[in-house]
Amino acid sequence: QLHRRGFRCLDGVDGSAGMLERARSTGLYRQLRPCVLGREPLPAPAEHYDAVTVVGALGEGQVPSAAVPELLRVTKPGGFLCLTTRSNPSNLRYKAELEAALEGLEGQGAWQKVLAQEVERWERATSEEESTQGTGYISGVVYVYRKCPVPPLEEG
């Protein structure tokens with residue numbers, strides 16, 4: 001979708017060699033590098049990207065919410081971060097941790113929230129227990145933040 005909307009300079013990271021190969025086969029990425037978010041820094045300099053997205057990886061047992069500051073580090077001042085997570089029952093604890101991390105960074109003046117939008121039919125449920133009100137789907141949330149142009153002053 002991003003490529004169809006004119007975005008041509010796309011880089012990607014993933015902890016799985018198989019997923020990197022699948023992404024490489026699309027021909028959409030300028031650069032693809034291995035990286036396990038939360039365990040190692042992103043392979044990019046500070047303030048490098050106009051926009052950073054994480055879709056489908058912020059969830060229980062995947063990318064820890066503690067990795068969010070690293071996403072912010074590689075985003076240019078004034079740049080955007082678009083993050084998503086699921087709202088299904090097995091991910092609610094993680095979602096609460098993630099939202100606390102997002103709000104903490106906002107409280108520190110690191111970024112401003114542009115959007116937090118619930119999406120009812122985010123993806124197909126893999127079990128009836130995970131399904132939102134028997135729809136066969138689980139819900140999710142899209143968060144968009146804008147990195148503050150000037151880093152906040154440290155107190156002290």
Side-chain angles (χ1 to χ4, degrees), residues 1-88 90-117 119 122-124 126 138-156:
Q1 286 293 336
L2 289 171
H3 198 262
R4 275 185 257 175
R5 294 176 189 266
F7 294 91
R8 298 288 187 264
C9 191
L10 303 175
D11 292 343
V13 299
D14 201 288
S16 161
M19 286 304 291
L20 288 171
E21 194 50 46
R22 187 170 179 185
R24 193 170 282 109
S25 73
T26 68
L28 298 175
Y29 294 90
R30 175 182 69 167
Q31 188 175 79
L32 290 161
R33 313 246 314 258
C35 180
V36 179
L37 286 169
R39 284 197 226 153
E40 54 193 333
L42 284 164
E47 301 181 351
H48 186 70
Y49 293 107
D50 295 318
V52 172
T53 64
V54 179
V55 178
L58 293 173
E60 192 68 44
Q62 296 176 315
V63 175
S65 60
V68 172
E70 179 62 9
L71 304 172
L72 190 61
R73 180 188 70 79
V74 300
T75 306
K76 290 179 182 176
F80 292 90
L81 293 96
C82 177
L83 314 172
T84 68
T85 197
R86 292 175 294 285
S87 300
N88 53 316
S90 64
N91 200 54
L92 291 179
R93 184 173 61 95
Y94 178 90
K95 182 179 174 226
E97 288 173 13
L98 176 64
E99 288 179 347
L102 301 178
E103 290 167 12
L105 287 166
E106 189 173 21
Q108 294 170 21
W111 61 14
Q112 295 175 317
K113 184 177 0 180
V114 176
L115 173 77
Q117 181 176 334
V119 178
W122 180 255
E123 65 184 16
R124 288 202 172 271
T126 56
I138 62 171
S139 58
V141 186
V142 176
Y143 307 95
V144 178
Y145 284 85
R146 186 165 192 201
K147 184 171 180 177
C148 289
V150 180
L153 295 175
E154 290 188 25
E155 294 181 14

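The shown structure was predicted, so the numbers you read here are calculated from the model rather than taken from an experiment.
In this structure, Asp50 CG and Lys147 NZ are separated by 11.5 Å, a value rounded to the nearest 0.5 Å. For the atom pair Gln31 CD and Arg24 CZ, the distance stands at 10.0 Å (nearest 0.5 Å). Remark: Asp11 CG to Leu32 CG distance equals 7.5 Å, nearest 0.5 Å. Separating the CD atom in Glu70 from the CG atom in Leu37 is a distance of 8.0 Å, to the nearest 0.5 Å. In this structure, CZ in Arg73 is found 10.0 Å from CD in Glu47, a value given to the nearest 0.5 Å. Within the model, atoms CG of Asn88 and OG of Ser139 stand 7.0 Å from one another, a figure rounded to the nearest 0.5 Å.
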Report the C-alpha distance between Thr84 and Val119 in whole Å, list the side-chain angles of each, state the deciding distance to 0.1 Å, and finish with yes or no for side chain to side chain contact (heavy atoms under 4.5 Å, CB included). CA-CA 10 Å; Thr84 68; Val119 178; over 6 Å; no
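Across every non-hydrogen atom of Val144 and Cys82, the tightest pair is CG2-SG, 4.2 Å. When all heavy atoms are compared, the tightest approach of Cys35 to Pro41 is SG-O, 3.6 Å. Across all their heavy atoms, Thr85 and Lys95 have their closest contact at CG2-CG, 3.9 Å. Closest heavy-atom contact between Ser87 and Leu92: O-CD2, 3.5 Å. Among all heavy-atom pairs drawn from Gly78 and Arg146, the shortest one is O-NE, 2.7 Å. Here the closest non-hydrogen pair linking Lys113 and Glu106 is N-OE2, 3.2 Å.
In this structure Trp111 satisfies the ring pair (Phe, Tyr, Trp, His ring centres under 6.0 Å) test together with Tyr145, sequence neighbours excluded.
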Pair up each side-chain donor or acceptor in residues 54-65 with any protein partner under 3.5 Å, not counting sequence neighbours, and list the distances.
| from | atom 1 | to | atom 2 | distance (Å) |
| --- | --- | --- | --- | --- |
| Glu60 | OE2 | Arg93 | NH2 | 3.0 |
| Gln62 | OE1 | Arg86 | NH2 | 3.1 |

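Under the 4.5 Å side-chain criterion, counting only non-hydrogen atoms from C-beta, Val52 is not in contact with Leu42.
Counting non-hydrogen atoms of other residues, nucleotides and ligands closer than 6.0 Å to CZ of Arg30 gives a total above 12. Summarising the local packing, CZ of Arg22 is surrounded by 12 or fewer heavy atoms from other residues, nucleotides or ligands at distances under 6.0 Å.
With Tyr143 as the partner, the side chain to side chain contact (heavy atoms under 4.5 Å, CB included) test is satisfied by one option alone out of Leu115, Leu98, Leu81: Leu98.
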